[in-house]
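Values below: every heavy atom of this structure, side chains too, minus hydrogens, waters and symmetry copies. First listed ligand is number 1; within each ligand, the first listed atom is number 1. Position 1 is the first residue of the sequence, and the numbers go up from there. These figures come from a predicted structure and were not determined experimentally.
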Amino acid sequence: MTEDADVVVVGGRIAGCATAIPLARAGRRVIVLERGRAGSNSLSTHGLWPGGVGELSKLGALERVLELDPPKVRWYVLHHLGYTIKQLLRPVDGFDYVICVARPQLDTALIETAREAGAEVREQTRVTELMWAGDRVAGVRCTPTSGGEPTEIRAALVVGADGRRSTVAELVGEATPYRGSKNHRGFAYWYMDDPHAGTEWRHTLPLWRVGTTASLVLPMPENRMCVALMGPVADLPRFRADPVEMWERVLRESRHLAARVAGATNASRMFVAADLTSFFRRSSGPGWALAGDAGHFKDPVLAQGMRDAMEFGRRLGETAAPLLDSPADLDVALRDWEHARDRACLPMYHFANRETCIAAQQPAIVEAFRMFARQGETSEMADMFSRVIRPDELLTPGRGIRWLTGALMRPGADRRLILGQASHDIPIDVATGIERARGRFRSEGHHPSENAGWEWPPRRAGDDATTSEPSDPALQPAAA
Ligand SMILES: Cc1cc2nc3c(=O)[nH]c(=O)nc-3n(C[C@H](O)[C@H](O)[C@H](O)COP(=O)(O)OP(=O)(O)OC[C@H]3O[C@@H](n4cnc5c(N)ncnc54)[C@H](O)[C@@H]3O)c2cc1C
């Protein structure tokens, strides 16, 4: 059977729906093909900073999400090295709160919004091949996952919004990223009933760093919470082998986290993620584009992926909608879209590459914490996560020099160590500044933020649940 559409979007979660919504609103015939079922789980924690809440609003999905009554989290609190940075979140596009809604509900809200806009979302349909007209992608072949006859859908544009192990990227010959960075942190997380119903904790996002592990608590609807640990990826086999022992060890080491979760009940099983290689792929070509994680992924330690999947999915749809009847113009515009995405995402990519490294905290960073803690609730720390400012606008060269000098001047300072650490970090900042100033597209040169040893596809660690395959029973939350 052969059908016609203006655009086929492969993958019906965040990036896929964000791309489809503006296209459908512009009157284009959009078919979204999703191999899983709407409302299935995905391997992801779900923190959306105010900028991400703003993106939901731009897509017209926020009202549906707010109907789930997620706690509006207005405080960001970072405890580290004896300092506490407590910031009242600043509004972005009028939204001054973080939300955390489980992916089944969040993705369903986006799918419903896409359908309402006029997109056709077909679940349990897997794309297996592309159709070509010369060197131009001209459509897809897909099959119901339950079996049955394949269908061909011809389209002016095929968008791969099909995640990190993108089928579309593979079929256009771009599966291997042109740049990447190895992650050194992994995730272990659980869902639980929050023992602090009706208190300020329900409106606070706390993050603790103890030793090499960061932990955070994200309040969720229905008095649930997501408790996530981001520690050395090398620890994950021990988490899988004995989750209870590891959980108790973490609580022993982090008294703040222990106090926050004391009395929590109805815990889910543990979810772990180890293969979190960051990358950029070539994300556009004749008749095709890659949106969301399919085109670019950064270590989730900064919780930026869903926001970026929405913003650049939406921008892709808006860019393509008026140009679908003019292939040459469409290709140029897709290239420009990809360039703009990279420019916007590179600073956070480099910062996440740094944050994923497991290292003792530097004395110069301790000076930074001291300064941010003094700023009180007007601290700018969380503005970076909301993408109001870039990392280099928060951690400016002037501040860097002040923190470095402050660390060197402290009585008993280990100056060799401090200067050695600075000689690692300063080249990263300089290279990031140069890269931004040059604005080169698809630069393959090595950047000092990029951790060596990454490979594609990432090697799977044992029986790790590392994919977002929604039909994977390991991803279905269940009460322990
Ligand atoms: C452990 C972890 C924690 C994270 N925490 C956060 C966080 O707190 N905040 C945040 O903003 N981001 C977070 N992220 C990142 C975030 O999850 C991703 O950036 C986001 O899910 C990207 O959405 P997407 O739509 O691009 O891809 P996906 O969510 O991966 O969706 C891709 C879809 O494509 C479908 N698909 C694949 N192949 C085919 C095919 N051949 N045919 C049809 N369909 C197909 C899949 O079934 C899937 O549903 C986290 C990620 C991880 C791994």
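An N or O contact shorter than 3.5 Å links D293 to ligand 1 by distance. The shortest N/O to N/O separation between G47 and ligand 1 falls below 3.5 Å. Taking only nitrogen or oxygen atoms, main chain and side chain alike, A15 reaches within less than 3.5 Å of ligand 1. For a threshold of 3.5 Å applied to N or O pairs, the pair formed by R13 and ligand 1 contains at least one separation below that value. At a 3.5 angstrom cut-off on N or O pairs, R164 does not count as close to ligand 1. Residue contacts with ligand 1: V127 is placed with a nitrogen or oxygen under 3.5 Å of a nitrogen or oxygen of the ligand (distance criterion only).
Closest heavy-atom approach to atom 50 (C) of ligand 1 within the set G186, S40, P300: this belongs to P300. Looking at Q304, E123, E129, R35, it is R35 that brings a heavy atom closest to atom 39 (C) of ligand 1. Scanning M306, K298, M310 for the heavy atom closest to atom 11 (O) of ligand 1 points to M306.
Contacts of A161 with ligand 1, taken as heavy-atom pairs under 4.0 Å, involve the backbone alone. Contact annotation for A273 and ligand 1: only side-chain heavy atoms (C-beta onward) come within less than 4.0 Å of the ligand. Contacts between L218 and ligand 1, counted as non-hydrogen atom pairs separated by less than 4.0 Å, are absent for every part of the residue. Residue contacts with ligand 1, taken as heavy atom pairs separated by less than 4.0 Å, involve D162 via backbone and side-chain atoms alike. Under 4.0 angstrom from ligand 1, the non-hydrogen atoms of H46 all belong to its backbone. Using a 4.0 Å cut-off between heavy atoms, L43 contacts ligand 1 through its backbone alone, with no side-chain atom that close.
Near R103, with a cut-off below 4.0 Å to any heavy atom, the atoms of ligand 1 are 17 (O), 20 (C), 21 (O), 29 (O). Ligand-side atoms of ligand 1 in range of I14: 23 (O), 25 (O), range being under 4.0 angstrom from any heavy atom. Those atoms of ligand 1 with a heavy atom of G292 less than 4.0 angstrom away are 26 (O). Close approach of ligand 1 to F187 (heavy-atom distance below 4.0 Å) involves ligand atoms 1 (C), 3 (C). Heavy-atom proximity to L33, at under 4.0 Å, picks out these atoms of ligand 1: 43 (C), 44 (N). Atom numbering of ligand 1 starts at 1 in the shown order; those under 4.0 Å from a heavy atom of V10 are 40 (C), 42 (N), 43 (C).
Seen from the ring of F271, R269 counts as a face-on cation partner, given the 6.0 Å and 45° thresholds. In this structure, R164 is positioned above the aromatic face of F297, its NZ or CZ under 6.0 Å from the six-membered ring centre and within 45° of the axis. Annotation: cation-pi geometry satisfied between R341 and W337 (NZ/CZ under 6.0 angstrom from ring centroid, within 45° of ring axis).
A ring-centre distance under 6.0 Å is found for F279 and W456.
Considering OG of S386 and CE of M381, their distance stands at 13.0 Å, rounded to 0.5 Å. D193 contributes atom CG, which lies 4.5 Å from atom CG of N266 (distance to the nearest 0.5 angstrom). Considering CG of L171 and CE of M131, their distance stands at 13.0 Å, rounded to 0.5 Å.
Looking at E174, its side chain never comes within 3.5 Å of a backbone N or O of A169 through a donor-acceptor pair.
For R387 and Q304, the side-chain atoms include at least one donor-acceptor pair closer than 3.5 Å. In this structure, a donor-acceptor pair under 3.5 Å is absent between the side chains of T19 and R314.
Residue E149 places its CD atom among 12 or fewer non-hydrogen atoms of other residues, nucleotides or ligands, all under 6.0 Å distant. Within 6.0 Å of CD on Q124 lie more than 12 heavy atoms contributed by other residues, nucleotides or ligands.
Ion pair R115/E34 not flagged as a salt bridge, since none of the NZ, NE, NH1 or NH2 atoms sits closer than 4.0 Å to an Asp/Glu carboxylate oxygen. At a threshold of 4.0 Å, the pair R436-D392 does not count as salt-bridged, since none of the basic side-chain nitrogens sits closer than that to a carboxylate oxygen.
The closest approach between a heavy atom of T125 and any atom of ligand 1 is below 4.0 Å. The shortest separation from a heavy atom of L276 to ligand 1 is under 4.0 Å, placing the residue in contact. Residue contact annotation: R165 has no non-hydrogen atom under 4.0 Å from ligand 1.
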